[in-house]
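As structure tokens, the structure follows; a few thoughts come after it.
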Amino acid sequence: MSTLPTLFISHGAPTFALAPGRAGEALAELARELPRPEAILVLSPHWMSPDLLATTNDRPATIHDFGGFPAPLYELKYPAPGAPALAERTIGLLERVSLHAAPEPRRGLDHGAWVPLMHLYPEADIPVMQLSMPFRQPPAFFHELGRALAPLRNEGVLIVGSGSITHNLYEFAGDGRPTEAYVDAFRDWIADTLASDDTAALLDYRARAPFAERAHPTDEHLLPLMFARAAAGDGATVVRIAAEDVRYGMLGMDAYVFGKD
């Protein structure tokens, strides 16, 4: 069984499902190059919870957890099967490092999961499970969460952190805006920090990165990056894809592949 990389994907606005652009094309190309996963595990900021949870639903619904978008978006379905056996394995791995996750049998897939998966695996025929993101946990928590689940890469599981490389919705003003200078400065700092494998700086990004507070008024959309990077293991290679795609002037669509040569 092939060892899979881990992914961080900027899932953009829900309309990314209907307007793939360069980022969607890059994800489709990436999926063609990867070994086919046996299952997919997704961490998304659109499922926040007091405690750590893992979906055990064998037929997860497509959750349209947004409002005010075009009607065709609400008609989209991503009918992938669930992965209860993967959830059980995940819970067991987390218990080994005293990270306690509980099964959640009713939860479906939020748009942080199904929107990027529509571009990666549009056939929706690979089992998918989600982990929740506990409230008020620092970057180091998600780093440890990823490290604990690294063995899954050798078991046919594609680990995906879904978020956004920049995410300041307070500045949303529709299409047509040029990219804000702070967006590129922050994205480039992230790229350089990952390339240099500087975990300490990455976890302390709020103090060290340029324009961190403006790029991320809150943490939740960047924390899946810490998770995906840690799940790849120490010394992983880094590939940045779709880095030129910025939407609405402030929503960077960068994605990263983390793996081993």
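Model, not experiment: these values are computed from the prediction.
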Are the side chains of [Y] and [X] in contact, using a 4.5 Å heavy-atom criterion?
| X | Y | answer |
| --- | --- | --- |
| Leu109 | Pro60 | yes |
| Phe8 | Pro224 | yes |
| Pro81 | Asp58 | no |
| Pro35 | Leu4 | yes |
| Val97 | Leu145 | no |

task: Check the side chains of Asn154 and Thr3 for a donor-acceptor pair under 3.5 angstrom, ignoring hydrogens and angles.
output: yes

- prompt: Between the side chains of Asp254 and Ser10, does any donor sit under 3.5 Å from an acceptor?
  reply: no

message: Please evaluate residues Leu149 and Leu131 with respect to the criterion side chain to side chain contact (heavy atoms under 4.5 Å, CB included), reporting the C-alpha separation (whole Å), side-chain torsions for both, the decisive distance (0.1 Å), and the verdict.
response: CA-CA 11 Å; Leu149 299 181; Leu131 275 178; 3.7 Å; yes

Under 3.5 Å donor-acceptor, [X] side chain and [Y] backbone:
| X | Y | value |
| --- | --- | --- |
| Ser132 | Pro134 | no |
| Thr62 | Tyr78 | yes |
| Arg229 | Gly233 | yes |
| Thr6 | Ala228 | yes |
| Thr218 | Glu220 | no |

I need the minimum non-hydrogen distance between [X] and [Y], along with the two atoms involved.
| X | Y | result |
| --- | --- | --- |
| Phe227 | Gly161 | CD2-CA, 4.3 Å |
| Ile91 | Pro103 | CD1-N, 4.0 Å |
| Leu73 | Thr15 | CD2-N, 4.1 Å |
| Pro45 | Ser162 | CD-O, 2.8 Å |
| Gly249 | Val246 | C-CG1, 3.9 Å |
| Ala201 | Trp189 | O-CH2, 3.4 Å |

- prompt: Is there a path from Leu86 to Leu43 through hydrophobic residues (I, L, V, M, F, W, Y) whose side chains come within less than 4.5 Å of each other?
  reply: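 Yes, same cluster.
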
List the residues meeting salt bridge (charged side-chain N to carboxylate O under 4.0 Å, His left out) with [X], not counting sequence neighbours, and say none if there are none.
| X | value |
| --- | --- |
| Arg214 | Glu171, Glu180 |
| Glu244 | Arg22 |
| Asp234 | Arg147 |
| Arg59 | none |

field: Working for side-chain hydrogen bond (donor to acceptor under 3.5 Å, both in side chains), residues Tyr248 and Asn168
entry: CA-CA 10 Å; Tyr248 315 115; Asn168 188 342; over 6 Å; no

query: Under the side chain to side chain contact (heavy atoms under 4.5 Å, CB included) test, which residues partner Ala87, sequence neighbours left out?
result: Ala54, Thr56, Met129

- request: Test Asp110 against Ser44 for side-chain hydrogen bond (donor to acceptor under 3.5 Å, both in side chains), laying out the working first.
  value: CA-CA 8 Å; Asp110 64 59; Ser44 159; 2.8 Å; yes

message: Filter on ring pair (Phe, Tyr, Trp, His ring centres under 6.0 Å), then keep only pairs touching residues 111-155, sequence neighbours left out; what's left?
response: His11-His111, Phe16-His119, His46-His111, His64-Trp114, Phe66-His111

